[in-house]
Every structure is written in structure tokens, then in C-alpha cells.
Amino acid sequence: MKLAVVGAAVLWGTAGTAGLLVAGVDPISLAAARLVIGGLVLAVAVGPAVRSLPHPALLLPAAVAVAAYQLCFFAAVSRTGVAVGTVVAIGSGPVFTGLLSWALDRVPPTRRWAGATAVAIAGCAVLTGGGGQARLDGILLALLGGLLYAFYAVTAARVIGTGASSDAVMGAMFGGAAVVMLPVLLWTGTAWLAEPRGLLTALYLGCATTALAYILYGRGLRTTPVATAATLALAEPAVAALLGVVVLGEQLTLVSAAGLVLLGASLVVVALPERWSSRQGRAAAIESSA
């Protein structure tokens, strides 16, 4: 089910391009609308399944973390720039996820995961460039965002691991986040949703890049370790970069292209089955000793 996680990351990667369809909209308002619509769609779509969860209230802290992540991310970007904020927030997510999973479930990260994740983060940093001002408050907010992401991802994985429906877990978590973010949406203004382009963009962001994406992500967590899933989710900036070139006509520099290749290669390594990797390692050892 690693393919489901990659599918979710691909959908997440389209969010930035889609968001450019509405000019002059507060990014926080756009993010709030995305989460409110996506969360409500998820909650309604899997409503009966949510009621079957043994202790849905246990997901309430994770729902708050989903909403808080959005606010931390945009606050970080506003202080330290898109490039630095994105790299720190998205790049620290897999690291915190691996550490949190290790601490709670006693599942130590493998050397292959650690190495591939480090290379993936480096590729992400090269891909997004070095623009922006590395302000301490912005970096701390981005790190907090990465920790919040890890918290709700690990929480969802642990509940799914008990046998709960992944759809129900995501419905409860994001339905709760929608309730938390509704006041933020109303406070930042909803006039832009009255325009056809604004409404269609918000519906796409909510239904595709949130509801459908997290259904896929949750189903991927049924069989994929959460630390591995978090690393595979780093495909998001790669997809965003490719869409920028293909759809928006942006230029990809040689350095950015190298970062894209680096990121892609590391994700392939993470996605490979452990048995295949072990066979390759044994074959390499035999060849070196021959």
C-alpha cells in the first residue's frame, strides 16, 4: 500500500498550483477553507464508520494538531520565507515521525530509512532553493509544525493498527479539525468563495487534496510503517516542482534538477521492499568478496 501514500503525496503536490488560480486571497483563509471543506466531506462520507470507533475522543488531540499544523506552517512561512519554512516543516516531519514512533512503539528506524530520509531532505532543500531569511522564530514555528504533523500521523497509525477503519480514523480526525478551523475561516473572510473560481478552487483543495488524499494516506498506513509513509510523502515538493515547470512554465535550474533527482532516487530506495533490498545487499557483498 505504499502506492496509496505516494498517491496522497501527488495530490498534496497539486495544492500549490491550484491555489494560484485565486489571486489576492489570504493564504490562511485558503488553507482554512481547504481543511473545513475537506474535513466535512471526510466526516460525511465515512459518518457511519466514525460512529463505530471504540473511543473517537482519543483522536481529538490529533484533530487539534491537524489544525494547528496549518497555522504553524503559514506563520513560519510568513516569517522566514517559503523555501526555508517549507524545507524545515516538511523535512522535519519524517524525522519527528521516526523518533516518535520509536519512542512510543519501540520500533527503531532502519539504517536504510535513516539514510534515504536524510538524502530526501537534502534533495528537498536543494530543490526548493535557499531563498528567505533564516529567522529563529520562523524556524521554530516550522519545527513545531513538523512535530505536529508527526503527532497526528503517528496517532492515526496507532489507532489504525488496533484494527480500526482507516477511513473512520481520518474522518474523525479531519472532521474535528474542520470544526477547529471554521472560526479561522470566518475570521479571515469568505467573500472570495462567492466567486466561481474561488469556490471551485476551494472545492478541489478540500475534496481532492484533503479528503481523497487522506483517505489514501490512511489506507497506506494499514500496511506501511508510519515513518516510511512520512518519508514517501516528501514526493509532494517534487510533484509541485514538476507542475510548476509543466503547467506554470517555470524554469528548473540545473541545481534544482539535481535536487529533484536526488529526492526521487531516495524515495525509490524507501519504497523498495525490504526483502529486495536485502537480496541486493547480499549480492553486493558476495561480489565484493569474490
Side-chain angles (χ1 to χ4, degrees), residues 8 11-45 47 60-86 88-90 93 128 131-133 135 137-146 148-149 152 170-215 236-237 240 243-244 247-248 250:
L11 288 170
W12 293 331
T14 67
T17 302
L20 293 176
L21 296 176
V22 284
V25 177
D26 186 344
I28 295 179
S29 182
L30 193 64
R34 171 187 178 183
L35 198 52
V36 168
I37 293 172
L40 291 178
V41 168
L42 263 173
V44 171
L60 182 58
V64 174
V66 170
Y69 168 78
Q70 296 288 331
L71 299 177
C72 283
F73 178 78
F74 283 103
V77 166
S78 69
R79 286 166 171 77
T80 197
V82 174
V84 175
T86 300
V88 175
I90 295 180
T128 55
Q133 181 183 359
R135 285 180 47 176
D137 56 349
I139 291 174
L140 290 176
L141 283 167
L143 287 172
L144 178 58
L148 288 167
Y149 166 82
Y152 74 73
M170 292 299 167
M173 200 161 65
F174 280 81
V179 174
V180 174
M181 288 297 282
L182 182 58
V184 177
L185 175 60
L186 296 176
W187 177 66
T188 54
T190 58
W192 59 277
L193 289 170
E195 301 176 4
R197 178 175 292 188
L199 180 60
L200 288 174
T201 300
L203 287 173
Y204 174 77
L205 291 174
C207 296
T209 71
T210 302
L212 177 57
Y214 275 99
I215 285 289
E236 176 187 351
L243 283 176
V247 178
L248 304 176
E250 296 178 351

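The model shown is predicted, which means the values in this text are computed figures rather than measured ones. In what follows, every heavy atom counts, from backbone to side chain, and hydrogens, waters and symmetry copies are set aside.
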Please check: side-chain N/O of [X] versus main-chain N/O of [Y], any donor-acceptor pairing under 3.5 Å?
X: Thr210; Y: Leu205; value: yes
X: Thr17; Y: Thr14; value: no
X: Thr190; Y: Leu186; value: no

Approximate separation, where rounding is to 0.5 Å, of [X] [atom1] and [Y] [atom2]:
X: Met181; Y: Leu40; atom1: CE; atom2: CG; answer: 12.5 Å
X: Leu144; Y: Tyr149; atom1: CG; atom2: OH; answer: 15.5 Å
X: Ile215; Y: Leu42; atom1: CD1; atom2: CG; answer: 5.0 Å
X: Met173; Y: Leu60; atom1: CE; atom2: CG; answer: 12.0 Å
X: Gln70; Y: Leu35; atom1: CD; atom2: CG; answer: 5.5 Å

*Go through the structure and list residues passing salt bridge (charged side-chain N to carboxylate O under 4.0 Å, His left out) with Asp137, not counting sequence neighbours.*
Arg79, Arg135
Non-hydrogen atoms of [X] and [Y] that approach each other most closely:
X: Val41; Y: Ala211; answer: CG1-CB, 3.9 Å
X: Trp12; Y: Arg34; answer: CD1-NH2, 3.7 Å
X: Gly198; Y: Val22; answer: CA-CG1, 3.3 Å
X: Ser29; Y: Leu185; answer: O-CD1, 3.7 Å
X: Leu148; Y: Cys72; answer: CD1-SG, 3.9 Å
X: Ala43; Y: Gly175; answer: CB-CA, 4.1 Å

_Partners passing side-chain contact (heavy atoms from CB on, under 4.5 Å) against Leu203 (at least two apart in sequence or in another chain)_ =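 Counting only residues at least two positions away or on another chain, Leu203 forms a side-chain contact (heavy atoms from CB on, under 4.5 Å) with Ile37, Leu199.
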*Tell me, do Tyr204 and Leu21 make a side-chain contact under 4.5 Å, heavy atoms counted?*
no
_Trp192 vs Leu30 side-chain heavy atoms within contact, under 4.5 Å_ = yes
*Kindly assign one of parallel, tilted or perpendicular to the pair Phe174 and Tyr152, based on the angle between their ring planes and the thresholds 30° and 60°.*
perpendicular
